[in-house]
Amino acid sequence: MPLDTHVVLAQGFVEQLWLPADYWDLSIPVYLFLAVVAGGGFLAGATAQLVRWRRDTQPGAIESDIARWGFLVAVLGAAGAGLAVLSHLAVIYRALLFPIYLTNFSSWITIGTWILVVLSVIAIVCLLLSLFGTEAAADDGASLFPRAIVAKLGLLELLDGLVDRVRPPRVVIVGLYVIGSLLAVATIYTGFELAIVETVPLWNMPVVVPLAFLFSGLAAGVGLTVALTVFFEREVDPVVGGYTLATGVLSGLSLVTVWYGWTEIATSDAPAAAASQVALTETNLAVGAWLVVVALAVALVVGLVVGVAALTGRGSADLERVAVPALVGSFGLLVLGGLALRIVMLLAAQQDPVVVLG
Amino acid sequence: MSEQWMFYFDPNRCIGCHACSVACKQRHDRDADADDWRTVSHLSRGEYPDFEEVPISMSCMHCHDAPCEQVCPPDAIIKRDEDGIVTVDRDRCIGCHYCAWACPFGAPTYDDEGLMSKCNLCLGEGPGGGHGQPERQTPEDGGPTPACVDDCVGEAIKAGPQSEVMAEATEKAAERFEQGAYGKRVIVEPLEEDADLADAIREGDEPAGAITYEG
């Protein structure tokens, strides 16, 4: 604990400054969350496509659906994150001209902008390649629904032909997947955006907060991809089981990290940390904190049980019957929990007391 | 950097009249209801009749390490080499509020345009008025005295190059500053009534009757 804070506390003069709520309206937690969800969706999509190529499966294989839903989650997540953060800014055009204006590369906002923008572009390319062209035309599944929209616009033939003409060799696409996957993991920057703020003990945990944000966001992204796939395909095969298990493990890692971080805050005697602890346990935010814990715990249990059963093929008939609703429900809850984590982490934050006494 | 400018505050001399924050608003032509670049907080302890209050006047401290400058994505916040004053280029600010997150003193404010503005140590006048100005001059060299210093009735606030401010501080305040008190961002006189208590705590002794925070 800083010496200055100790002196102030010992004297009993404590002035606490809440950062005004308009410094971080709801758009900020939405942005912090969706950016990592996009990363999770991309990881699910890229790995599913690689699995499909490796196994050389036929059109209609579930890997294709996972890939398309994953890339769609990535594109929509990144777009949502971008819109959310732009809506928070006072001068949007300067942010849109980020190569000119965002020149401070020691700022996580600058670094994060580049990560999110490049990830968005790669995700869009991967989504288009998976949705259009001769190969996609021979495929089926609900994940191809954008083709129906494009067909209604009368552009399907044009788009299929265009994608076939510009489709790069597989090795290039694999390269895109690798770069995109690295950027997906780099969405950990959303945690660093908070963790470097030294005046807020709840955030200033440079390992815990970034890992908690990464694990929970990736879990939500992969989990959302799984939920969409099983909701439309009504099938929980070993491939889906692998992603289900991964979601459960990521949820478990999130739970451990969040629990450790909040325990650290609870044991800290810094006044701002104590105030955050009170906010997390004794105010309306406690509902959100419990939602986070329950969502992560449920996703952990369901992910492990259903995932292992699907992978080993040892699930009982009852388990098979409830697998789809269990996955959709628990992973839907996981998405809410991941967003709730960011909201409570922002709203329960408090700056250290003003220190000018002693 | 030639020499870091900084603020000095003596809580023993502050009467909590808010003349400093009003003077700041007048100098910089800011609306009466605008957020203060210089604020006066009244800290208290105890309950009546054992109640004490002490006023604290604060602003941007033009930190030597300027956390706001480090996080500002468009490089709109500049820690000037020539005098250490932290200025804002509002033509680059995107209004992301990240500087407010990082500031230990709650100094950044945001106007109707959503752009950041704060104390520029009266280097210039108005929001962003300090950006691009030449090196800060002391009053002896023809520079303006900061409005808050000018109008402080108890001479509780001072400002100037570090060596000059240190020369005017008490030995105890200067010594504590050198030891790193307040992150070496501002020179503050110890409260006279509690100076011994503060020293005891700093030296690791358990203070008698210390009040601790309980949430």
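Only a predicted model underlies this, so the values are computations on that prediction, with no experimental measurement involved. The chains referred to below are lettered A, B, ... by the order of the sequence lines, with proteins before strands, and numbering in each begins at 1.
When each of A:T110, A:L102, A:I28 is checked for heavy-atom pairs under 4.5 Å with chain B, A:L102 comes out on top. By number of non-hydrogen pairs under 4.5 angstrom with chain A, the leading residue of B:R92, B:E113, B:R185 is B:R92. Most heavy-atom pairs under 4.5 Å with chain B, from the set A:Y93, A:Y101, A:F98: that is A:Y101. Of all the listed residues (B:A76, B:P67, B:P73), the one sharing the greatest number of non-hydrogen pairs under 4.5 Å with chain A is B:P73.
Ring planes of B:W37 and B:H28: tilted class, angle from 30 to 60°. Ring pair B:H18/B:H42 is parallel by interplanar angle, where below 30° counts as parallel and above 60° as perpendicular.
To the nearest 0.5 angstrom, A:L211 atom CG is 11.5 Å from A:M205 atom CE. To the nearest 0.5 Å, atoms OG (B:S41) and CD (B:E53) are separated by 10.5 Å. With rounding to the nearest 0.5 angstrom, the CH2 atom of A:W108 is 14.0 Å from the CD atom of B:Q70. For the atom pair A:I109 CD1 and A:N104 CG, the distance stands at 10.0 Å (nearest 0.5 Å). Taking CG from A:L32 and CZ from A:F213, the interatomic distance works out to 5.5 Å, rounded to the nearest 0.5 Å.
Heavy atoms of A:S107 lying under 4.5 Å from chain B belong to its backbone as well as its side chain. With a 4.5 Å cut-off on non-hydrogen atoms, A:I92 does not touch chain B at all. Residue A:I100 touches chain B through its backbone alone, counting heavy-atom pairs closer than 4.5 Å. Both the backbone and the side chain of B:A100 come within contact range of chain A, with heavy atoms under 4.5 Å apart. Contacts of B:P108 with chain A are made by backbone atoms alone, with heavy-atom separations under 4.5 Å and no side-chain atom involved.
With no hydrogens or angles considered, a side-chain donor-acceptor pair links B:K79 and B:Q4 at under 3.5 Å.
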Applying salt bridge (charged side-chain N to carboxylate O under 4.0 Å, His left out) to B:D10 and B:K158, what does each step give before you reach the verdict? CA-CA 9 Å; B:D10 184 352; B:K158 295 173 185 172; over 6 Å; no
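Interface with chain B: from residues 183-194 of chain A, residues A:F192, A:E193, A:L194 qualify, criterion being any non-hydrogen pair under 4.5 Å.
Under the salt bridge (charged side-chain N to carboxylate O under 4.0 Å, His left out) criterion, A:E264 pairs with no residue at all, not counting sequence neighbours.
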